[in-house]
Number of protein chains: 2
Amino acid sequence: MVTIRDVAREAGVSIATVSRILNNKGSHSDAVVKKVLNAAEKLNYAINVNGKRLKTGIKNTIGIILPEYFLYTYPNMLATLINEIYARSFYPELNLNLNLDQCFHLLRSGRYDGVIVVEPENQERIIHNIIKEEYHTVFLGGDISREDINFVEIDYFQAGYLAAKRLIKANHSNIMFLTDNRPLNIFAEIKRGYLFAHDEYGIQYYEEFIIDRSQLEESSEDLKEKIDRTTAVFSIDHKLSQLLIKILLKLNKKIPEDLSFITCGDDFNTETIFPELTTVIIPVEQAVSLAAEMLTREILTGDRIIKRVKLMAQIKEKGSVLKRLTKK
Amino acid sequence: MVTIRDVAREAGVSIATVSRILNNKGSHSDAVVKKVLNAAEKLNYAINVNGKRLKTGIKNTIGIILPEYFLYTYPNMLATLINEIYARSFYPELNLNLNLDQCFHLLRSGRYDGVIVVEPENQERIIHNIIKEEYHTVFLGGDISREDINFVEIDYFQAGYLAAKRLIKANHSNIMFLTDNRPLNIFAEIKRGYLFAHDEYGIQYYEEFIIDRSQLEESSEDLKEKIDRTTAVFSIDHKLSQLLIKILLKLNKKIPEDLSFITCGDDFNTETIFPELTTVIIPVEQAVSLAAEMLTREILTGDRIIKRVKLMAQIKEKGSVLKRLTKK
DNA sequence: CTGAAAGCGCTTACAG
DNA sequence: CTGAAAGCGCTTACAG
């Protein structure tokens, strides 16, 4: 392993000089700079991050805590986040499926300058500690009750509300809701919006039309029978949409003639679905860009003003919703 | 920030004792162990990784160098790799789209114990250096000419060969080949297999039936005209397959009645496609599991025997290939 | 069973 | 413009 000592010896200067030159600090005679750069190049030297981090306390690294669901459903979210972190001269450090306690541990162990936590559960005690010890943090969604944290939120409630409302206004009832059974807050939020729209318009909703992933994978007779009694579908993501569409195609059901259809998702994931579906745009890329900007800014400037952002969902019409002429 | 000194003071012992107890080394009286554990718990102490890494040289971390393409096409590959790394008590450190030079730099800077590089370009000089400096490395595919490195390979050539052969044997010609225009070795390999099968059976292939992503996204008249002259399609991934299927559905083309279809991909990505497609199984999960096992084993045992693994691709019939009765 | 001390590879205030 | 020295938070061989 090549250390700063080796470079100093090779260049015939002190390690302090090598350090300053390689970090662009202070001023040095051209001759010395050249000697040092040549020596470093010749020896293939790279500054050891562990020594540097220990000494300076700066890690130049952002932790990312991400539930696996997002990796599968929104790969563009992770790609964008990582690229935004690079763009700000930090390194990302991705961790999948950690709970807040594990995240807190990593924070205390000095791995990152700050962390972006996607959809954490509400573990009040740990959040309290994270705040108390003044770690740089941005929570990206999640069921968090405290308000004194940086928070970037996508309005999933609104996503469910807008979609259901859109379908209700087109005279649909018995709106099938495709959701996931994993314990993520976003599923509960979307469902809340879906239910709220029903309430608002005085439409009865039926628990039996709330279908989860495992029911779709089974594709039972029971499900097919429900499809016959349904005139509209709302799905929380492209994957569940595709699972159902596969079943619909086998049943020779047409979208939107037989069934109106709205899916959550963004353009990357839904663009390849046929027939094209009216979508609720979930602005995940904007959310992570903002989170990266907020976090790195706080780290670099020390600015401790709490920022809370809410990004709205939005319907994008693609023609997969048809108005029913008669109410059921 | 809580350090080992704070814990030692709180517990009334030396820092050496704290270190040993928290790392389960040596033997200590129960009373002291309890005092130390309580103090650490009370102060919310976590061992600082930078100090530890600097002192021991052990990072407990595996670097992952991944082209973005895999994140989008095989999210299960990344999820599996990360989980396999966790399972061996290491941490993953993901980097997207780095070239070998940047990877080499990270290696020299002491971030990881070893690195898994997915589909690198063949930069002979840098590979030479990586080997010479004895970094723990597993290359996962890529266009590498040297044989003295750990290498896990999926036989993409065979994937292309098997698919084309399967279609040719079903009497197809003018087999449309959907590929990507990014500079990854796997695309070239699959194409090589596709061409080789044509050669082997004395079938003429036509450059005009090699369609890349941008042509699919345009969906020009020219493409539609080619579709009319095609009886079979082979696609390198589920995404391109879906793009084409969308076009086919609009043209009222039926699979397999009008067009036979084979896609590369694995079950997760292709399971939601309708109609169901005969696939070439690309064993990405097995590949990363092996890579993780090989790398962590080498790191832990110091075993330097070079390992080279080739995983074969395999056709999985799903009924989307139809035998043509007459040759064109 | 426990502690004092050395040292891992750096950066930086200080002195010259 | 340059260098000697302190010290970041740890672990571990050594001594007792």
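Model, not experiment: these values are computed from the prediction. Only this structure's heavy atoms are used, side chains among them; waters, hydrogens and symmetry mates stay out. Letters A, B, ... are given to chains in the order of the sequence lines, protein chains preceding strands, and every chain is numbered from 1.
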Separation between CD (A:Glu119) and CD (A:Glu153), nearest 0.5 Å, reads 9.5 Å
Problem - Short side-chain donor-acceptor distance under 3.5 Å, A:Asn83 and B:Glu68 - result: yes
Has B:Arg297 got more than 12 heavy atoms of other residues, nucleotides or ligands less than 6.0 Å from its CZ?
no
Review point. Just by distance, with hydrogens left out, do B:Arg53 and B:Thr61 show a side-chain donor and acceptor under 3.5 Å apart?
Key: yes
Within residues 42-49 of chain A, the residues having a heavy atom closer than 4.0 Å to DNA chain D are none
Base-paired stretches in DNA chain C with three or more consecutive Watson-Crick or G-U pairs, both distances under 3.5 Å, amount to C:1-3 with D:14-16, C:5-12 with D:5-12, C:14-16 with D:1-3
From CZ of A:Arg5 across to P of C:dT11 the rounded distance in Å is 12 Å
From CG of A:Asn24 across to C1' of C:dT11 the rounded distance in Å is 14 Å
Using a 6.0 Å distance limit plus a 45 degree cone around the ring axis, check whether B:Arg108 lies over the aromatic ring of B:Phe104. yes
If the cut-off is 4.0 Å, is B:Lys52 near the phosphate of D:dG9, judged by side-chain N/O to OP1 or OP2? no
Item to check | Residue pair B:Lys52 / B:Asn23, side-chain donor-acceptor N/O under 3.5 Å | outcome: yes
*Is it the case that A:Asp101 and A:Gln123 place a side-chain donor and acceptor less than 3.5 Å from each other?*
no
note: A:Leu54, atom CG; C:dG7, atom P; distance rounded to Å ~ 17 Å
Regarding A:Asn99 and A:Glu121, is there a side-chain donor-to-acceptor distance under 3.5 Å anywhere?
no
- Modelled atom types, side-chain donor and acceptor of A:Asn95 and B:Tyr86, under 3.5 Å: yes
Whichever of A:Lys55 and B:His28 has the more 5' nearest nucleotide on DNA chain C, that residue is B:His28
Rounded to whole Å, CD1 of A:Ile15 lies from P of D:dA6 at a distance of 13 Å
Review point. Looking at B:Thr56, does any N or O in its side chain come under 4.0 Å of the phosphate oxygens OP1/OP2 on D:dT11?
Key: no
Roughly how many Å apart are D:dC1 and D:dA5, using the P atom of each and rounding to a whole number? 24 Å
Whole-Å distance, A:Lys25 NZ to D:dT2 C1', equals 17 Å
Checking C:dG3, C:dC10, D:dC10 against the side chain of A:Thr3 (C-beta onward), the nearest is C:dC10
- Using the P atom as the reference point in each nucleotide, state the distance between C:dG9 and C:dA13 in Å, no decimals. 23 Å
Within the modelled atom types, does a donor on one side and an acceptor on the other bring the side chain of A:Arg20 and the base of D:dG3 under 3.5 Å apart? yes
Between CG of B:Asn23 and P of D:dT12 the distance, given in whole Å, is 7 Å
Between B:Gly51 and A:Val32, the residue closer to the 5' end of DNA chain D by nearest nucleotide is A:Val32
Using a 4.0 Å heavy-atom cut-off across all strands, classify B:Ser19 as base, sugar-phosphate, or nothing. base
Separation of D:dT12 atom P from B:Ile4 atom CD1, nearest Å, is 11 Å
Walking DNA chain C from its 5' end, the first of B:Val33 and A:Val2 to be reached, judged by nearest nucleotide, is B:Val33
ask   = Is any side-chain N or O of B:Ser29 closer than 4.0 Å to OP1 or OP2 of C:dT2?
value = yes
Taking the same atom, C1', in D:dG16 and in D:dT12, what whole-Å distance lies between them? 16 Å
Answer yes or no on whether A:Arg146 is positioned over the face of A:Phe139, meaning its NZ or CZ is under 6.0 Å from the six-membered ring centre and within 45° of the axis. no
